[in-house]
Amino acid sequence: MTEKKKQAPKDVRPITTAKDCKTLLKYLKNSKAFGIRDYVVFKMGMNCVLRISDLIHLRYDDVYTDTGRVKKKLVLTEIKTGKRKEMPLLHVQEDLIEYKRELDAFYSKQPDKYMQPLKSKEMETVGTGKRKFTVKKNDKWLFPSTQKPTQHISTNTFYKSMTLAKKATGLQHLGTHTPRKTGAYLFYRGGFDDVLEEKGVQPSNNIGLAMKVLNHSSESATLAYIGLEQDNIDKMVMETKAFDIGI
């Protein structure tokens, strides 16, 4: 029997400069796959440091009040960990206001027969194993599918957006985890590398804060997740003369 080759893990990394982040966000906002949907998915993931599984399960009333205003905070239970998370929506407020106009227009155009399931009392199960829980189906999705408006977009939908963005912008290492990793990187470093350098500010390297927003329990897991564990190894090798042995 021939042994199956294990697929190499995808090298997905955070965006570390404001220049690259602006390039990607500009592409996503102008791609018009569904208005500015994918742009808002990325910004929500980055600013709230969310996994794609949590992002696609967000509902309309998770971010908008009954009067149509953007809520001050996003409060949710993470699907993977079962942990509660609260994140301010301050830095995505204007984006969510703009997105609401497009989203409301999209839903208003849908035939009643498609929207009927949203009015039912049907429940949906999310998560797996001990992390499994049920949520109502009678709310509108924040990121609906264009083909099936009663369903949310899939992880694969956003993955395709990142793949197209990679080809269009030339930015490498993009994937579904890029928004979350970028947000965690910003919490850790205190800002994008080029902005900190321009201002002459030293990175804060606040590992505790990065661990908190990621809901991680170890520093090594956080450093590995945002790609700094290897960077630290590389830096140590470059700066340690003990390895420089000549004969």
Side-chain angles (χ1 to χ4, degrees), residues 10-29 38-52 54-55 58 63 70-76 78 80-81 83-97 158 162 165-166 169-240:
K10 292 182 174 63
D11 187 9
V12 177
R13 303 179 190 177
I15 294 174
T16 60
T17 67
K19 179 182 177 182
D20 286 347
C21 193
K22 288 177 181 177
T23 296
L24 176 60
L25 289 174
K26 185 176 180 179
Y27 166 78
L28 290 174
K29 193 167 188 178
D38 294 340
Y39 163 82
V40 175
V41 171
F42 192 97
K43 286 206 75 175
M44 284 283 291
M46 180 177 72
N47 283 268
C48 298
V49 196
L50 295 175
R51 294 179 181 85
I52 186 63
D54 290 316
L55 282 165
L58 289 177
V63 298
V70 177
K71 292 183 177 180
K72 291 183 178 180
K73 279 187 175 183
L74 173 67
V75 181
L76 75 156
E78 292 183 337
K80 183 176 180 179
T81 67
K83 295 179 180 178
R84 177 186 170 89
K85 187 167 191 174
E86 293 185 27
M87 293 296 286
L89 293 172
L90 175 66
H91 298 295
V92 288
Q93 184 177 24
E94 294 302 317
D95 297 312
L96 287 171
I97 291 172
F158 189 64
M162 289 292 97
K166 187 190 300 185
T169 64
L171 297 174
Q172 300 302 308
H173 312 297
L174 298 181
T176 57
H177 277 264
T178 301
R180 185 171 185 254
K181 289 190 176 194
T182 301
Y185 186 85
L186 292 177
F187 274 101
Y188 174 72
R189 298 283 281 177
F192 284 111
D193 290 349
D194 53 349
V195 175
L196 294 175
E197 184 177 355
E198 184 180 331
K199 293 181 177 179
V201 177
Q202 289 296 316
S204 58
N205 293 345
N206 193 331
I207 188 64
L209 186 57
M211 287 172 62
K212 179 69 175 177
V213 295
L214 287 169
N215 267 331
H216 281 178
S217 56
S218 74
E219 292 186 8
S220 60
T222 296
L223 290 173
Y225 185 76
I226 57 181
L228 291 173
E229 192 172 59
Q230 186 60 50
D231 286 352
N232 288 345
I233 293 173
D234 294 345
K235 185 178 179 181
M236 185 192 75
V237 172
M238 296 294 290
E239 294 178 355
T240 302

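Looking at Thr182, its side chain does come within 3.5 Å of a backbone N or O of Ile15 through a donor-acceptor pair. When atom types are taken as modelled, the side chain of Ser204 and the backbone of Tyr188 share a donor-acceptor pair closer than 3.5 angstrom. Judged by distance alone, with hydrogens and angles left aside, the side-chain atoms of Arg13 form no donor-acceptor pair with the main-chain N or O of Gln172 at under 3.5 Å.
Counting only residues at least two apart or in different chains, salt bridge (charged side-chain N to carboxylate O under 4.0 Å, His left out) contacts with residues 196-220 are absent. Each ring-ring contact (aromatic ring centres under 6.0 Å, His included) pair with one or both residues in residues 209-228, not counting sequence neighbours, appears once here: His177-Tyr225, His216-Tyr225. Residue pairs meeting the salt bridge (charged side-chain N to carboxylate O under 4.0 Å, His left out) criterion with at least one partner in residues 85-94, sequence neighbours excluded, are Lys73-Glu86, Glu78-Lys85, Arg84-Glu86.
In this structure Thr17 satisfies the side-chain hydrogen bond (donor to acceptor under 3.5 Å, both in side chains) test together with Asp20, sequence neighbours excluded. Residues passing the salt bridge (charged side-chain N to carboxylate O under 4.0 Å, His left out) test with Asp194: none are found, sequence neighbours excluded. Lys43 pairs by the salt bridge (charged side-chain N to carboxylate O under 4.0 Å, His left out) definition with Asp95, not counting sequence neighbours.
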Check the pair Lys181, Leu214 against side-chain contact (heavy atoms from CB on, under 4.5 Å), reporting the backbone distance first and the verdict last. CA-CA 9 Å; Lys181 289 190 176 194; Leu214 287 169; over 6 Å; no
What's the verdict on side-chain contact (heavy atoms from CB on, under 4.5 Å) for Thr81 and Arg51, showing C-alpha distance, side-chain angles and the deciding distance? CA-CA 11 Å; Thr81 67; Arg51 294 179 181 85; 3.8 Å; yes
side-chain contact (heavy atoms from CB on, under 4.5 Å) for Leu96 and Met44? Distances and angles first, verdict last. CA-CA 9 Å; Leu96 287 171; Met44 284 283 291; 4.1 Å; yes
Worked verdict on Leu171 versus Lys166 for side-chain contact (heavy atoms from CB on, under 4.5 Å): CA-CA 5 Å; Leu171 297 174; Lys166 187 190 300 185; 5.8 Å; no
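Contact annotation: the side chain of Leu50 approaches that of Leu76 to within less than 4.5 Å [non-hydrogen atoms, C-beta and beyond]. Counting only heavy atoms from C-beta outward, the side chains of Leu89 and Cys48 approach each other to under 4.5 Å.
Minimum heavy-atom separation, Val12 to Gly175: CG1-N, 3.8 Å. The minimum heavy-atom distance between Leu196 and Arg189, with the atom names listed, is CD1-O, 3.6 Å. Between Asp193 and Tyr185, the closest heavy-atom pair is OD2-OH, 2.7 Å. The two residues Asp38 and Leu28 make their nearest non-hydrogen contact at O-CD1, 4.0 Å. Counting all heavy atoms, side chain and backbone alike, Phe187 lies closest to Asn47 at CE1-O, 4.4 Å. When all heavy atoms of Val213 and Ala210 are compared, the closest pair comes out as CG2-O, 3.3 Å.
In this structure, OH on Tyr27 lies 15.5 Å from OH on Tyr39, to the nearest 0.5 angstrom.
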